[in-house]
Colleague: 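Here it is, the structure, as structure tokens.
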Amino acid sequence: MSAKKITFINQNEPWRLAVPAVGFVLFLVGMLALKETALGTVIQPLGMLLMFVPHFIPFKLKNYVHFTKRMISFKLEKGGSYNYRFSQIKYVEAYEDRLVIYASKKKSEKVRIEGYAEADINRLLDLLQPETEHTAETV
């Protein structure tokens, strides 16, 4: 059985803002300027679709990690959804089959990681490190 892949989505990528902005402009042009034309009936739905494209991507993925400069959100098939601000994470312990993420000395969450590619787990660990400055790097 092959290891499952985790998709990493950097929310700081320029296209994640540019595509909805273009969609909004097309929607307005179709709604206001080309209201009663055939072109307007095509441009308006296209603009609406483009506004929501970046938000539809995670719905087709089972295993993904969203991250920005301030927070990380991930969903793995073998667990639930997890959301953290980087300032909340005190430290992370890694074991063969799980990660333990500590938000304080008493509050921790266990994340099951068996079956995922080692490179993806290492990247997730790098992102979860509290002192790391997170830069724009992928997808």
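Heavy-atom basis, side chains included; hydrogens, waters and symmetry copies ignored. In this chain, residues are counted from 1 in sequence order.
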Colleague: Run the salt bridge (charged side-chain N to carboxylate O under 4.0 Å, His left out) test against K110 and tell me which residues pass, sequence neighbours left out.
Modeller: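 So K110 forms no salt bridge (charged side-chain N to carboxylate O under 4.0 Å, His left out) with any residue.
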Colleague: Looking at every heavy atom in both G23 and M51, which two are closest together, and how far apart are they?
Modeller: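 That would be C-CG, 3.7 Å.
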Colleague: Check P45 against G40 and note the closest heavy-atom contact, atom names and distance.
Modeller: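 The answer is CD-O, 4.3 Å.
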Colleague: Say you draw a straight line from OG1 of T7 to NZ of K62; how long is it, rounded to the nearest 0.5 Å?
Modeller: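 Nearest 0.5 Å value for the OG1-NZ distance: 12.0 Å.
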Colleague: Would you say the side chains of E93 and Y95 form a donor-acceptor pair under 3.5 Å?
Modeller: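 Looking only at side-chain atoms, Y95 and E93 do form a donor-acceptor pair, the distance falling under 3.5 Å.
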Colleague: Looking only at non-hydrogen atoms, find the nearest pair between F86 and T68 and report the distance.
Modeller: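 The answer is CE1-O, 3.3 Å.
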Colleague: Can you tell me how far the CG atom of L46 sits from the OG1 atom of T41, to the nearest 0.5 Å?
Modeller: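 Here the rounded value is 11.5 Å.
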Colleague: Angle between ring planes, Y82 versus Y84, binned at 30° and 60°: parallel, tilted or perpendicular?
Modeller: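 Ring orientation of Y82 relative to Y84: parallel.
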Colleague: Excluding sequence neighbours, so at least two apart, what forms ring-ring contact (aromatic ring centres under 6.0 Å, His included) with Y102?
Modeller: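 Listed in chain order: Y91.
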Colleague: Return the NZ to CD distance between K4 and E114, rounded to the nearest 0.5 Å.
Modeller: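 Nearest 0.5 Å value for the NZ-CD distance: 9.5 Å.
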Colleague: Within this structure, what is the CZ-CG distance for the pair F27 and L32, rounded to the nearest 0.5 Å?
Modeller: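 If we round to the nearest 0.5 Å, F27:CZ and L32:CG are 8.5 Å apart.
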Colleague: Nearest 0.5 Å, please: how far is NE2 in H66 from OG in S81?
Modeller: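 Rounded to the nearest 0.5 Å, the OG-NE2 separation comes to 10.5 Å.
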Colleague: Can you tell if the side chain of F8 reaches within under 4.5 Å of the side chain of L127, non-hydrogen atoms only?
Modeller: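 Counting from C-beta outward, F8 and L127 do come under 4.5 Å.
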Colleague: Under a 4.5 Å cut-off applied to non-hydrogen side-chain atoms, are V111 and V100 in contact?
Modeller: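 They are not in contact (no side-chain heavy atoms under 4.5 Å apart), so the answer is no.
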Colleague: Please list, chain by chain and in numerical order, all residues satisfying side-chain hydrogen bond (donor to acceptor under 3.5 Å, both in side chains) with N83, sequence neighbours excluded.
Modeller: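 Partners of N83 by the side-chain hydrogen bond (donor to acceptor under 3.5 Å, both in side chains) criterion, ordered by chain and then number, come out as S73.
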Colleague: Would you say D120's side chain and I6's backbone share a donor-acceptor pair under 3.5 angstrom?
Modeller: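 A pair under 3.5 Å: yes.
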Colleague: Treat each ILVMFWY residue as a node, draw an edge where side-chain heavy atoms are under 4.5 Å apart, and state whether V42 and M48 are in one component.
Modeller: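 No, V42 and M48 fall in different hydrophobic clusters.
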Colleague: Minimum heavy-atom separation for Q129 to V92, with atom names?
Modeller: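 What the structure gives for the nearest pair is NE2-CB, 4.4 Å.
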Colleague: Partners of R85 by side chain to side chain contact (heavy atoms under 4.5 Å, CB included), sequence neighbours excluded?
Modeller: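 R85: side chain to side chain contact (heavy atoms under 4.5 Å, CB included) contacts with M71, S87, Q88.
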Colleague: Quick one: side chain to side chain contact (heavy atoms under 4.5 Å, CB included) partners of I43, sequence neighbours excluded?
Modeller: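 Residues passing side chain to side chain contact (heavy atoms under 4.5 Å, CB included) with I43: L26, L34, L39.
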Colleague: With A94, which residues qualify under side chain to side chain contact (heavy atoms under 4.5 Å, CB included), at least two apart?
Modeller: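 Per chain and number, A94 pairs via side chain to side chain contact (heavy atoms under 4.5 Å, CB included) with L99, L125.
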Colleague: Can you find a pair of side-chain heavy atoms, one from F74 and one from L76, that are under 4.5 Å apart?
Modeller: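 SC-SC contact between F74 and L76 confirmed.
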Colleague: State, yes or no, whether a side-chain contact exists between D97 and I113 at a heavy-atom distance under 4.5 Å.
Modeller: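 They are not in side-chain contact.
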